[in-house]
2 protein chains.
Amino acid sequence: MSRWRGFEELVEVINSGSFSAAAKVLGVSKGHVSQQISRLEDRLDTRLLHRTTRKISLTETGAIYYQQCRQVVEDLEAAERAIGALQHEVKGRLRIAAPHLLGEVMLVPAIANFMKRNPELTIDLHLSGRRVDLIEEHFDLAIQVGARKDINVVNRALAPTKFYVVASPDYLMDHVAPVRPADLKQHNCLLFMDAGFSKPWKFRGTGSTVKISVNSNWHSNSGYALRSAATQGLGLAYLPDYYLKDDLASGKLVTVLHGWQSIDREIVAIYQHKAHLSAKLRLFTEFLEEYFAREIQPLQAV
Amino acid sequence: MSRWRGFEELVEVINSGSFSAAAKVLGVSKGHVSQQISRLEDRLDTRLLHRTTRKISLTETGAIYYQQCRQVVEDLEAAERAIGALQHEVKGRLRIAAPHLLGEVMLVPAIANFMKRNPELTIDLHLSGRRVDLIEEHFDLAIQVGARKDINVVNRALAPTKFYVVASPDYLMDHVAPVRPADLKQHNCLLFMDAGFSKPWKFRGTGSTVKISVNSNWHSNSGYALRSAATQGLGLAYLPDYYLKDDLASGKLVTVLHGWQSIDREIVAIYQHKAHLSAKLRLFTEFLEEYFAREIQPLQAV
DNA sequence: AGCTATTGTTCATATATAAAAACAGTATTA
DNA sequence: TAATACTGTTTTTATATATGAACAATAGCT
């Protein structure tokens, strides 16, 4: 039972002018209002209202208490209104975590687009190689490639993405283009490496799946640096489609290993709990889904 | 059920840092706290807390709501403290109604005495011939001679008082002093009359009680005027002991009808409800009781 | 790694609360 | 002046609420 029961009944009795009217407003029985006021008086060990069957009048003590409670009721009403507004409008802060590459290439233009429609929104975009802790670091949303196993979060697939092995035309003038994954061993591969670890390159051919640990004398935790190194002919790079689109179109890079596709992966939005999703978060993820579907064109078959 | 249930649980969960700790502080089960927060979230249609088994963290929405609720809790606590102080100290306003005579003669010095001990008190003394409506006119206390029949008020006897028939020695030189109530018919009686009505004079002899409607060509609603008229030999007056003390001692007036006593009456304090008596009201009536016992000396037997 | 202590949630049950009707009292109205 | 309609309170009964144990999950400890 609440520590402060009865204060709203008191306020409403005064505002309405009678127990009966207050009961009607509050949607309870008048007997209940009577009981609540009585208990409040017992608890405060003072009489708050003088009452005859017809007239209600505040005690001096009651008047002082009423003033404060009235303020409290107004504050609580204001608080609920504020929440309601926040809940149903796209406003406030949206704190997003993402890897550098995805964030810079995909999210920055997407966010720009979304904010044009929702100018009251504040964005806090945090790019890093880590998988952030949503709770600890107060992120509303994390965007990454591949889902999380954490059962406390929702993984929402936004778009599929593929990785391609690419090289510059220059490089391919000097080296024989690989046609099977095993051929990669003969090449210098530009590796994405973070915190000392790199992931193997995976491919799916007709019926078989291959995982290759490649040779490399060049590592970076920056996708931009990897792509740049590849265009300058330093070796082969394994990069996602959304990051290659322009350079493939312009011919600065070309794909190799035709017939071998990388394993499909998903760009995922990750957030806490499906229930009670705030409007801003719900609408932003919906927007991202549409935006990615529109912007990520499947590359011409390789 | 309250319209704002759960806000105190939310505040305490944040203040304590966990559901369990909050439950301990609030003196309820942790299951209950959990349920309250859940309902609050359902009602607001938003998530207020991120929770894992070990960590609690406010949502952006939750943080906003928490700030407001925290303020509300502090305000409610402050309100209760204020009431407590008002309830247990003699301070604030004490609004008293009394008849002119009693008020001027007895209450003014009594109040002066009481206020010396309780300087934080404010007194509002309203003198009139009417029986005031405590509720309607916001009186804490009415002092009068004789109890009220109203079942909604407390009649607290402060002191007994007697009425005496008095005359000036001059008057008695020219007239035969009455010895029985019936003799009053032969005299001019100075009548207390308010709103066109006067009360009969009552007497108790040895074994019998007499009620007399006297003859009068002089009326006033002022006890002071009555007494003054009597000292100037205009006739007989029927006045209370506390108002005659000085004039009887100085010999300006003398009592008649020896052997016939007026009906004893009570000076009464009248207030709303015995329960929840404020400290100032309780202490003031107690003080009046003592003060009257000390100050109203029984007149020498008549 | 495995164990322990502690977390928040869920569920059946005991308790407390709110409703509805009966009650007592008082302004209003005819 | 009597009838009436409405007041706040009381009481019984139906409903809702809080509990406490069982549960699932996790951080810290050894």
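Each chain gets a letter, A, B and so on, in the order its sequence line appears, and its residues count up from 1.
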Discussion item. Donor-acceptor check, side chain of Thr59(A) to backbone of Thr61(A), threshold 3.5 angstrom: yes or no?
Written reply: no

Practice prompt. Check the distance between dG8(C)'s P and Arg47(B)'s CZ and give it to me in whole angstrom.
Written response: 13 Å

Discussion item. Can you list, in residue-number order, the parts of residues 2-19 of chain B that come under 4.0 Å of DNA chain C, counting heavy atoms only?
Written reply: Ser18(B), Phe19(B)

Which atom pairs, one a donor and one an acceptor, fall under 3.5 Å between side chains of residues 83-96 of chain B and the rest of the protein, sequence neighbours left out?
| unit_1 | atom_1 | unit_2 | atom_2 | d |
| --- | --- | --- | --- | --- |
| Gln87(B) | OE1 | Thr46(A) | OG1 | 2.9 |
| Gln87(B) | NE2 | Asp45(A) | O | 3.0 |
| Gln87(B) | NE2 | Leu277(B) | O | 3.4 |
| Arg95(B) | NE | Glu137(B) | O | 3.0 |
| Arg95(B) | NE | His138(B) | O | 3.3 |
| Arg95(B) | NH1 | Asp124(B) | OD2 | 2.9 |
| Arg95(B) | NH2 | Glu137(B) | O | 3.1 |

Worksheet item: For Ser20(A) and dC6(D), is the shortest distance between a side-chain N/O and OP1 or OP2 below 4.0 Å?
Response: no

Item to complete: May I ask you to decide if Leu288(A)'s main-chain N or O and Glu286(A)'s side chain share a donor-acceptor pair within less than 3.5 Å?
Response: no

Discussion item. Test your reading of the model: is there a side-chain donor-acceptor pair from Glu8(B) to the backbone of Arg3(A), 3.5 Å cut-off?
Written reply: yes

Residues 23-40 of chain B side chain polar contacts: donor-acceptor under 3.5 Å, at least two apart:
| unit_1 | atom_1 | unit_2 | atom_2 | d |
| --- | --- | --- | --- | --- |
| Ser29(B) | OG | His32(B) | N | 3.2 |
| Ser38(B) | OG | Ser34(B) | O | 3.1 |

Discussion item. Tell me the bend of the helix from dA1(C)-dT30(D) to dA30(C)-dT1(D) as the angle between end helix axes, each from five pairs, rounded to the nearest 10 degrees.
Written reply: 30°

Worksheet item: How close or far is atom P of dG20(D) from atom NZ of Lys24(B), stated in whole angstroms?
Response: 14 Å

Worksheet item: Which whole-number value in Å describes the distance from Arg51(B) CZ to dT6(C) C1'?
Response: 17 Å

Worksheet entry | Any donor-acceptor N/O pair, Ser16(B) side chain to Val13(B) backbone, under 3.5 Å | no

Practice prompt. Name all residues meeting the salt bridge (Lys or Arg N to Asp or Glu O under 4.0 Å) criterion together with Arg131(A); count only those two or more places apart in sequence or in a different chain, and write none if there are none.
Written response: none

Worksheet item: Any ion pair linking Glu41(A) and Arg51(A) (charged N to carboxylate O, less than 4.0 Å)?
Response: yes

Discussion item. Do Tyr271(B) and Asn155(B) pair up side chain to side chain, a donor and an acceptor below 3.5 Å, judged on atom types alone?
Written reply: no

Discussion item. Under a 3.5 Å distance rule, please check whether Ser2(B) uses its side chain to pair with a backbone N or O of Trp4(B) as donor and acceptor.
Written reply: yes

Discussion item. Please list, in numerical order, the residues of residues 29-40 of chain B that have a heavy atom closer than 4.0 Å to any atom of DNA chain D.
Written reply: Ser29(B), His32(B), Gln36(B), Arg39(B)

